[in-house]
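So the structure is just underneath, and the comments pick up after that.
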Amino acid sequence: MCAVKDPVVIHKGLDNVYVKESKICFIDGEASKLFYRGYSIEALASHSTFEETTYLLIYGSLPTRSQLEDFTKRISLYRSLETSLLQLIHSFPITSDPMDVLRTAVSALGLYDPQPASDRIEDRIDKALRIMAKAPTIVAAFDRLRNGREPMPPRTELSHAADFLQMLIGKTPGDYDAHIMDVAMILHAEHEMNASTFSCTVTASTLADMYSIITSGIGTLRGPLHGGANEAALKTVLDVGDPSKADEYVVRALAEKKRIMGFGHRVYKTWDPRYVILKKLGAELAAQKGETKLFETATAIEESALRHLAGSPIFPNVDSYSGIVFHTLGIPTDLFIPVFAMSRIAGWTAHAIEYLQANRLIRPKALYVGQKELPYVPIDSRQE
Ligand code: SDX
């Protein structure tokens with residue numbers, strides 16, 4: 001008696017497929033709620049720092065003061081790059097896409113590690129923290145080199161967010177800009193089993209090293225349907241150019257079945273709570289810098305899209321205002337996805353480590369619908 005075969009169900013896009021139990025991140029897509037290890041994103045954005053949030057995501061609890069001081073110092077000391085890696089980055093074509101540079105440089109980091117692969121969880125975490133610490137240095141160094149300027153060395157006395165801005169812009173950022181950058185990195189640090197985190201989890205399930213795991217995440221985040229939407233959303237705002245042109249753009253885009261970048265989400269069927277925080281930060285920054293037209297244009301696009309998409313579960317997501325915040329902080333548009341990646345390394349690491357605690361190789365199936373038992377045809381007998 002052959003075993004009764006399970007009915008074949010194809011989960012296109014793996015919609016609603018659970019790959020593991022997790023204690024890292026809870027998203028209530030119907031109620032616009034997001035929690036990291038049980039703490040609301042609003043509480044973390046208001047009270048935490050990127051370093052503290054990274055500790056929370058990876059180790060599962062808020063650090064004590066001494067734990068946070070040690071952790072922060074450890075990351076700050078990891079920020080510097082080997083001279084040979086800087087020389088490698090210097091050798092890249094200045095026209096390279098910064099996400100390609102980050103992916104390549106993170107991959108190269110593994111070559112300078114005498115023991116890139118280690119099964120000890122603490123070793124894996126340490127390697128991931130080194131990658132996370134160096135990612136902003138890599139991104140900032142390439143941007144300065146491509147503009148004919150010398151890279152700025154990291155400064156261990158600055159926070160992770162502030163040090164990225166100083167390495168990028170060449171001077172110590174004001175406290176307010178550093179704070180906004182820090183909050184933006186908290187908001188981008190983690191988001192449950194999104195596409196890039198799933199990539200990292202699949203790579204981790206083969207027991208690959210942390211450099212390979214994080215490189216998988218960078219490659220996946222790159223796409224415009226995922227991490228690439230922040231860059232695309234700002235380009236839309238810049239192209240529209242004025243609040244008065246917003247409705248005309250939205251009507252034409254929807255008529256042409258184009259996606260409004262920064263809108264819609266596989267999980268959120270209402271507001272993305274990160275959008276709410278980023279929009280508020282965007283408004284504050286715009287007012288503080290006296291650059292309100294971009295923000296007003298984005299708001300006009302948002303209002304028009306919500307009007308024309310009324311009744312659909314399509315709302316603004318994290319990417320609708322993140323680009324405006326990054327742009328107003330002086331970050332070039334093609335560095336937005338690298339900024340997303342350097343923040344998300346925290347979440348990628350947390351999920352890879354959590355999965356490895358009860359590992360099972362991830363290996364789904366594909367339902368074969370092709371032909372079978374075809375006779376081999378010698379090349380001279382094949383029809384041109
Ligand atoms: C991120 O998963 C995560 O957690 C990701 C992320 C994270 O932190 O890791 O939150 C980060 O990736 C945010 C999403 C950024 N992407 C964008 O802003 C790109 C634009 N958004 C869409 O491409 C889309 O909303 C997705 C890809 C994000 C999600 O879409 P789904 O769940 O795959 O839904 P779908 O593509 O099946 O769309 C359903 C319908 C379609 O209409 P029909 O073909 O049925 O008529 O909704 C429409 C879509 O055309 N639709 C949109 C739209 N998004 C969906 N129409 C216009 N504009 C949009 N933005």
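Scope of the values below: all heavy atoms of this structure, side chains included, with no hydrogens, waters or symmetry mates. One-based numbering, in listed order, for ligands and for the atoms of each.
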Query - From the candidates Leu187, Ile260, Leu254, Thr220, the one that places a heavy atom nearest atom 58 (N) of ligand 1 - result: Ile260

Report task. With heavy atoms only and a cut-off of under 4.0 Å, state how Asn317 meets ligand 1: side chain, backbone, both or neither. Result -> side chain

**Report entry** atom 2 (O) of ligand 1 [closest protein heavy-atom partner, distance rounded to 0.1 Å]
**Finding:** Asn194 CB, 3.4 Å

Query raised in the report: Tell me, which protein residue and heavy-atom name are nearest atom 46 (O) of ligand 1, and how many Å apart are they?
Result: Lys257 NZ, 3.1 Å

Query raised in the report: Given that the side chain starts at C-beta and the backbone is N, CA, C, O, which of these parts of Asp319 lies under 4.0 Å from ligand 1, counting heavy atoms, or is it both or neither?
Result: side chain

Report task. Examine the proximity of ligand 1 to Leu309 and report which part, side chain or backbone, both or neither, has a heavy atom under 4.0 Å away. Result -> neither

Query raised in the report: For ligand 1, is any non-hydrogen atom under 4.0 Å from Glu192's backbone (N, CA, C, O), its side chain (CB onward), both, or neither?
Result: neither

Query raised in the report: Using the ring of each side chain (for Trp, its six-membered ring), is Tyr59 parallel, tilted or perpendicular to Tyr55, with breaks at 30° and 60°?
Result: tilted

Report task. With atom 55 (C) of ligand 1 as the reference point, say which of His191, Arg259, Arg344 has the nearest heavy atom. Result -> Arg259

Query raised in the report: Can you check whether Tyr36 and His191 have ring centres sitting under 6.0 Å from each other?
Result: no

Query raised in the report: Do any nitrogen or oxygen atoms of Gly227 lie less than 3.5 angstrom from nitrogen or oxygen atoms of ligand 1?
Result: no

Requested in this report: Determine whether the aromatic ring centres of Phe336 and His188 lie less than 6.0 Å apart.
Outcome: no

**Report entry** Between Arg155 and Thr172: side-chain donor-acceptor atoms closer than 3.5 Å
**Finding:** yes

